[in-house]
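Heavy atoms only: backbone and side chains are in, while hydrogens, waters and symmetry mates are out.
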Amino acid sequence: MDCVICADRTNPDDGTPCCRVRVCRPCLAAAAEAMGALFACPACRDRDAFVEGARGAGVATHEATPDYVRTGEAPSAARFCCAADCASPHGPAFDARGARPTRRRDFSAWRLIHCWNCGGNSVHIGCSKLRLDADLERWRCDDCGGNEAAP
């Protein structure tokens with residue numbers, strides 16, 4: 001079976017105690033670190049049995065509330081195109097969302113879209129091999145399995 005987060009192969013013992021979905025230990029550790037007091041099963045959202053199972057598997061958990069929950073502000077990160085060969089004439093940090101199209105130039109291919117799963121990676125529409133009329137909200141980065149594995 002594969003991990004539901006990263007799709008890597010997992011051990012048969014890596015099933016969660018709550019709903020038996022498979023999550024590998026590196027993904028459990030990363031989620032516990034990032035989520036703190038909000039750490040719960042990615043499939044059924046159970047907290048009690050899931051956290052106990054993660055602790056039993058050697059994953060360190062903590063009860064700190066993440067900063068973005070306490071402050072009400074989402075973490076801001078500089079967005080840039082993660083394509084290996086960004087083709088934007090304005091560079092990987094350019095986002096056409098604020099650019100006004102003119103008769104000579106249409107910047108819509110250089111709008112940054114964000115990963116549907118993690119939101120952490122971005123790509124220009126023109127670098128993603130997606131058509132402009134495609135469902136651009138469902139693009140997934142390679143870290144999350146790419147578009148071929150999209151549900």
Side-chain angles (χ1 to χ4, degrees), residues 1-86 88 92-99 107-151:
M1 297 295 292
D2 295 339
C3 171
V4 297
I5 297 173
C6 70
D8 283 349
R9 289 299 234 180
T10 62
N11 294 328
D13 302 339
D14 286 343
T16 61
C18 46
C19 63
R20 305 305 305 160
V21 70
R22 301 267 167 99
V23 182
C24 68
R25 284 182 180 87
C27 287
L28 275 178
E33 178 65 30
M35 296 174 71
L38 305 176
F39 187 47
C41 178
C44 71
R45 306 306 303 157
D46 175 80
R47 178 160 160 49
D48 299 326
F50 180 75
V51 171
E52 281 304 312
R55 287 179 182 151
V59 174
T61 62
H62 59 89
E63 292 298 318
T65 303
D67 289 340
Y68 65 89
V69 174
R70 270 190 288 109
T71 63
E73 296 178 12
S76 62
R79 298 290 183 175
F80 60 91
C81 181
C82 67
D85 296 319
C86 176
S88 171
F94 178 73
D95 188 357
R97 250 179 245 277
F107 291 108
S108 55
W110 308 120
R111 192 177 107 208
L112 284 173
I113 54 174
H114 312 298
C115 177
W116 182 55
N117 277 16
C118 70
N121 292 321
S122 303
V123 71
H124 288 117
I125 296 169
C127 299
S128 70
K129 300 178 185 157
L130 293 175
R131 294 188 336 259
L132 288 173
D133 61 345
D135 185 5
L136 300 176
E137 299 305 315
R138 290 175 103 38
W139 174 80
R140 291 197 333 179
C141 66
D142 291 339
D143 294 346
C144 293
N147 279 339
E148 291 76 25

Which heavy atom of [X] sits nearest a heavy atom of [Y], and at what distance?
X: Ala32; Y: Val59; answer: CB-CG1, 3.9 Å
X: Cys86; Y: His124; answer: SG-ND1, 3.5 Å
X: Thr16; Y: Phe50; answer: CG2-CE1, 3.5 Å
X: Arg25; Y: Asn11; answer: NH1-ND2, 3.7 Å
X: Ala54; Y: Phe39; answer: CB-CE2, 3.7 Å
X: Glu33; Y: His62; answer: O-NE2, 3.3 Å

| Residues His114, Asn121; criterion side-chain contact (heavy atoms from CB on, under 4.5 Å); working and verdict | CA-CA 6 Å; His114 312 298; Asn121 292 321; over 6 Å; no
Interatomic distance, [X] atom [atom1] to [Y] atom [atom2] [nearest 0.5 angstrom]:
X: Arg47; Y: Cys18; atom1: CZ; atom2: SG; value: 12.0 Å
X: Trp110; Y: Cys81; atom1: CH2; atom2: SG; value: 8.0 Å
X: Thr61; Y: Met35; atom1: OG1; atom2: CE; value: 12.0 Å
X: Asp142; Y: Cys115; atom1: CG; atom2: SG; value: 9.5 Å
X: Leu112; Y: Ser122; atom1: CG; atom2: OG; value: 5.5 Å

| query | Would you call Asp95 and Arg111 a salt bridge, using N to O less than 4.0 angstrom? | reply | no
| request: Check the pair Val23 / Val4 against side-chain contact (heavy atoms from CB on, under 4.5 Å), numbers first and verdict last. | output: CA-CA 6 Å; Val23 182; Val4 297; 3.9 Å; yes
| field | Intermediate values then yes/no, side-chain contact (heavy atoms from CB on, under 4.5 Å), Cys24 and Cys6 | value | CA-CA 8 Å; Cys24 68; Cys6 70; 3.7 Å; yes
| message | Go through it in stages, so that I can follow the logic: the residues are Cys19 and Asp46, the test is side-chain contact (heavy atoms from CB on, under 4.5 Å), and I'd like the CA-CA distance, side-chain angles, deciding distance and then a yes or no. | response | CA-CA 9 Å; Cys19 63; Asp46 175 80; over 6 Å; no
